[in-house]
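Taking it in order: structure first as structure tokens, then the write-up.
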Amino acid sequence: MGMTYVPTTLSEALHLRAEKGARPLAGGSDMMVQSKRGIALAPEFPYPVMIITSIDELRGIRVLDDGSVEIGALTTAAEIAASEDVPWHVRMAASGMGAIALRNSATIGGNIGNASPKGDLPQPLIMLDASVVLSSIHGERRMLLDDFILGSKRTALSDDEIIRSVIIPPHDFTYSFYRKIGMRKANAISKLSLSAAALVKDGEILDFRASSGAAGPKVIRSQDAEKMLEGHMVSEIPELLPAFLEAWNNAISPHAMPLYRRNTTKRMLSFFLSEISSGAEEGIIGGGEE
Amino acid sequence: MLSEIVFYVNDSKVSFIGDPLTRLIDVLREDLHLTGVKEGCGEGECGACSVLKDGKLVTSCIIPVGAVSGSRIYTIEGIRDTEKGRCIIDAFAEGGAVQCGFCIPGMVMAAYALLSSNPHPTETEIRKGISGNICRCTGYDLIVESIRLASEKGGDLWA
Ligand SMILES: Cc1cc2nc3c(=O)[nH]c(=O)nc-3n(C[C@H](O)[C@H](O)[C@H](O)COP(=O)(O)OP(=O)(O)OC[C@H]3O[C@@H](n4cnc5c(N)ncnc54)[C@H](O)[C@@H]3O)c2cc1C
Ligand code: FES
Ligand code: FES
């Protein structure tokens with residue numbers, strides 16, 4: 001059993017991380033559950049732990065000069081869901097996490113740090129090309145979230161680093177779609193989720209993106225498939241759709257997703273694209289939480 | 001670095017010295033004898049251990065005491081004699097919301113958090129507000145109805 005520390009500044013935490021190998025505990029909604037021992041017993045961890053919730057530098061949501069949005073690692077799902085500054089897809093994903101008490105505890109840093117394929121936040125964040133800011137006593141580095149999450153429960157976090165924040169670059173979409181299909185139970189974890197978005201100007205698709213979560217070890221996004229639509233006119237969508245769906249399907253590793261989920265994903269994507277090609281009104285297409 | 005965790009429970013100051021990973025529920029029940037806080041699942045799923053932390057509903061079984069430094073915690077014992085607390089508890093009695101009672105402290109805390117941020121919730125909003133609270137007895141309808149009653153009867157109390 002390791003020691004437990006409660007640092008109050010980032011610099012203290014970074015030293016504890018480097019010198020004692022302490023692992024961060026934020027909301028605790030993954031760690032406390034995974035290591036629970038029962039009534040009146042504190043959870044035990046085989047490594048030193050630091051409870052980081054008293055570090056104010058890791059809190060808050062701010063808009064940067066270039067229009068990017070920076071979300072501090074300790075920001076909760078409830079705070080994300082309530083913030084006008086956070087992009088719509090991410091707010092939707094945050095508001096669909098667990099029930100209200102869970103959303104008041106669960107942090108974005110924990111959701112990413114845990115790297116569970118069932119985690120709801122990486123999916124829209126990866127679609128939006130979000131990156132993570134990693135701090136250590138040696139400084140800071142920034143990497144794409146898609147590169148940071150290596151696989152199920154595996155990240156590129158170094159032994160001396162902690163996640164400081166998540167940065168979402170600015171974007172402009174004409175059409176947006178988000179849907180999470182889970183069990184009909186509030187604290188259910190997502191079984192399948194899809195984000196999609198398109199920027200259309202004068203009938204031309206300037207930007208198209210989609211990502212799917214809880215589908216395999218990692219969030220699925222296929223830039224190859226996306227490129228098949230970009231630069232084309234919305235009127236060409238019906239012709240392009242079969243090849244696009246095929247390319248998307250191929251991006252999913254063979255054993256990652258059972259057939260019914262593949263089919264549901266394809267159905268949602270073709271619904272979104274058909275709505276666009278039939279001249280749907282700008283904004284949010286269908287979608288939402290089920 | 002904190003070696004002592006200082007926070008407030010039902011308006012009393014508490015200083016905790018010990019393992020910061022101690023679950024908040026254990027500090028509330030074992031050290032402070034606030035046994036209105038119930039433990040059902042111990043994993044954040046059932047809501048029986050719900051308390052307010054700085055005005056927000058949280059499940060005290062998954063929060064280590066080291067995470068509540070400086071916070072204001074309220075349990076059922078801290079709200080039951082307030083006007084708002086009474087309003088909800090009376091409505092639960094009047095609406096027949098209580099059977100075995102195990103889930104009720106958590107339900108009352110969830111109702112309190114809901115009505116404090118949304119004085120006149122729709123039925124869907126009420127169901128969402130208590131969706132993290134499991135009741136094995138009532139089938140929820142009478143609880144939902146009682147929360148609606150508390151919203152109506154409380155009037156300006158919640159505004
Ligand atoms: C009842 C229940 C329902 C749930 N429902 C959902 C759901 O619907 N959707 C969903 O996505 N998840 C769900 N979860 C899982 C969990 O709540 C989320 O993954 C949450 O975002 C974890 O955040 P946390 O702050 O509580 O993490 P913690 O448990 O504190 O930490 C999780 C991991 O992240 C690491 N970590 C935390 N912060 C940092 C940091 N700043 N830098 C580096 N590493 C860090 C920790 O070391 C640990 O490995 C649920 C959990 C419960 C108990
Ligand atoms: S005992 Fe805490 S949520 Fe069930
Ligand atoms: S009244 Fe028995 S669990 Fe709700």
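As a basis for the values below, the full set of heavy atoms in this structure was taken, side chains included, without hydrogen atoms, waters or symmetry mates. Quick note on labels: first sequence line is chain A, next is B, and so on, each numbered from 1.
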Walk me through whether A:T76 and A:N104 qualify under side chain to side chain donor-acceptor pair (under 3.5 Å). CA-CA 6 Å; A:T76 63; A:N104 283 333; 5.3 Å; no
Find the distance between OG (B:S60) and CD1 (B:I25) and round it off to the nearest 0.5 Å. 4.0 Å
Check whether B:E30 gets within reach of chain A through its side chain, its backbone, both or neither, counting any heavy atom under 4.5 Å. side chain
Result for side chain to side chain contact (heavy atoms under 4.5 Å, CB included) between B:T75 and one of B:L32, B:L34, B:T35 points to B:L34
Determine which residues belonging to residues 21-38 of chain A lie within contact range of chain B, meaning some heavy atom pair is under 4.5 Å apart, and list them by number or answer 'none'. A:L25, A:G27, A:G28, A:S29, A:M32, A:V33, A:K36, A:G38
Check the side chains of B:T138 and B:Q99 for a donor-acceptor pair under 3.5 angstrom, ignoring hydrogens and angles. no
Any donor-acceptor pair under 3.5 Å from B:R148 side chain to B:E123 backbone: no
Chain B shares the most heavy-atom pairs under 4.5 Å, among A:I52, A:T53, A:I51, with A:I51
With only heavy atoms counted, which part of B:T59 is less than 4.5 Å from chain A, the side chain, the backbone, both or neither? both
Could you have a look at B:G42, B:P64, B:G70, B:S69 and say which one has the most heavy-atom pairs with chain A under 4.5 angstrom? B:P64
Over 60° means perpendicular and under 30° means parallel, so classify the ring planes of B:W158 and B:Y112, tilted if in between. perpendicular
Under 4.5 Å from a heavy atom of chain A, the part of B:I5 involved: side chain
